[in-house]
Amino acid sequence: MQWGVFSFVDNVPGVAAALAAGLDWVCLDGQHGRWDDARVLAALDALPTGPGRILVRVRSLDEGLIGRALDAGAHGVIVPMVESVEQAEAAVAAVRYPPAGSRSFGPIATPYGAPSDTEAANAAVLCVVMIETAVGLDAVEAIAAVPGVDLLFVGPFDLSLSLGTDVDGLLSDGAAGPLGRVVAAAAATGIRAGAFAGTPARARRMAEAGFTFIAATTDTDVVERGLSAVLSQLS
Ligand code: 3PY
Ligand code: MG
């Protein structure tokens, strides 16, 4: 199991604290969070290296943003709203150098963390594609089979909106439902299935559903829980 946290607020010490606490991965959210390109690059320059992975959710399937995050030393990218084999292939191409993909090599960035050995970089980097629409779900088995896709990651909020249900509904559907379908598609091609949970209670249910790479919380959730705990000790 790989537990992670989504960082919405562009707070570098907060990310360092999450890694020091032993989270397996932290995602700097450039889609819905405050992490714009400049902040992502500054954070990757400043964060210490350690066992925890730092991933960047780019705001869209954009090879320029993907390349910049990886050049700066991100261990992988999470690409939102992937709906087809073609989009999954484009994500892989942006993440990996030739011959596996078409990522552009930027030696000037190497001092800041990008490996100069392109084969090692290709092997180490994670290409995570999000399954979070009905269209993406319909293509999930084919997307899972795209060489170079390392992980299918469910966005349960978008997916439930797209399917006309809610996150609890998705979680209640069991192995025969959409979440079970994603887990099975990943298992069939030997890759991991992950999901955004956002709270520990939902994270446990995602784990029971078979996901093994879960965003168990968010930085804003942690602050809220911490302050509630403090307030309860004061009253
Ligand atoms: C979703 O649930 O749609 C997400 O993208 C989580 O951030
Ligand atoms: Mg989403």
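Reckoned from all heavy atoms, side chains included, excluding hydrogens, waters and symmetry mates. Residue numbers start at 1 and run along the sequence shown. Both ligands and their constituent atoms are indexed starting at 1 by order of listing. Here the structure is a predicted model, which is why all the values come from computation and not from measurement.
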Exercise. Number the atoms of ligand 1 from 1 as they appear, then name those within less than 4.0 Å of a heavy atom of D158, with their elements.
Key: 1 (C), 2 (O), 3 (O)
Quiz item: What's the shortest distance from atom 5 (O) of ligand 1 to any protein heavy atom, and which residue and atom give it?
Solution: R57 NH1, 2.7 Å
Quiz item: Can you name the closest pair of heavy atoms from A74 and L70 and give their distance?
Solution: O-CD2, 3.6 Å
Quiz item: Does H32 approach ligand 1 within less than 4.0 angstrom via side chain, backbone, both or neither, non-hydrogen atoms only?
Solution: neither
Quiz item: Closest non-hydrogen protein atom to atom 6 (C) of ligand 1, residue and atom name please, with distance?
Solution: F196 CG, 3.4 Å
Practice problem: Establish whether V222 and M206 are linked, either directly or via other cluster members, by ILVMFWY side-chain heavy-atom contacts under 4.5 Å. | Solution: no
Quiz item: Which value, rounded to the nearest 0.5 Å, describes the distance between N11 atom CG and L28 atom CG?
Solution: 11.0 Å
Exercise. Identify, by atom number and element, the atoms of ligand 1 in contact range of G155, meaning under 4.0 Å from any of its heavy atoms.
Key: 1 (C), 2 (O), 3 (O), 4 (C)
Quiz item: Who's the nearest protein heavy-atom neighbour of atom 2 (O) of ligand 1, and how far?
Solution: F157 N, 2.7 Å
Quiz item: Atom CG of L23 and atom CD of Q2: how far apart are they, to the nearest 0.5 Å?
Solution: 10.5 Å
Quiz prompt | Nearest-0.5 Å distance, CG of residue D150 to CG of residue L126 | solution = 5.0 Å
Self-check item: D173/R181 salt bridge by N-O under 4.0 Å criterion
Solution: no
Exercise. Indicate the ring-plane relationship of F213 and W25, choosing parallel, tilted or perpendicular according to the 30° and 60° boundaries.
Key: parallel
Practice problem: Hey, can you tell me if F8 and F196 have their rings parallel, tilted or perpendicular (30° and 60° cut-offs)? | Solution: tilted
Quiz item: Listing residue and atom name, which protein N/O/S atoms are closer to the Mg ion (ligand 2) than 2.8 Å?
Solution: E132 OE1, D158 OD2
Quiz prompt | Under-4.0 Å salt bridge between R68 and D62 | solution = no
Practice problem: State if E132 counts as touching ligand 1 under the rule of any non-hydrogen atom under 4.0 Å. | Solution: yes
Exercise. Give yes or no for whether the N/O distance cutoff of 3.5 Å, strictly under, is met between M130 and ligand 1.
Key: no
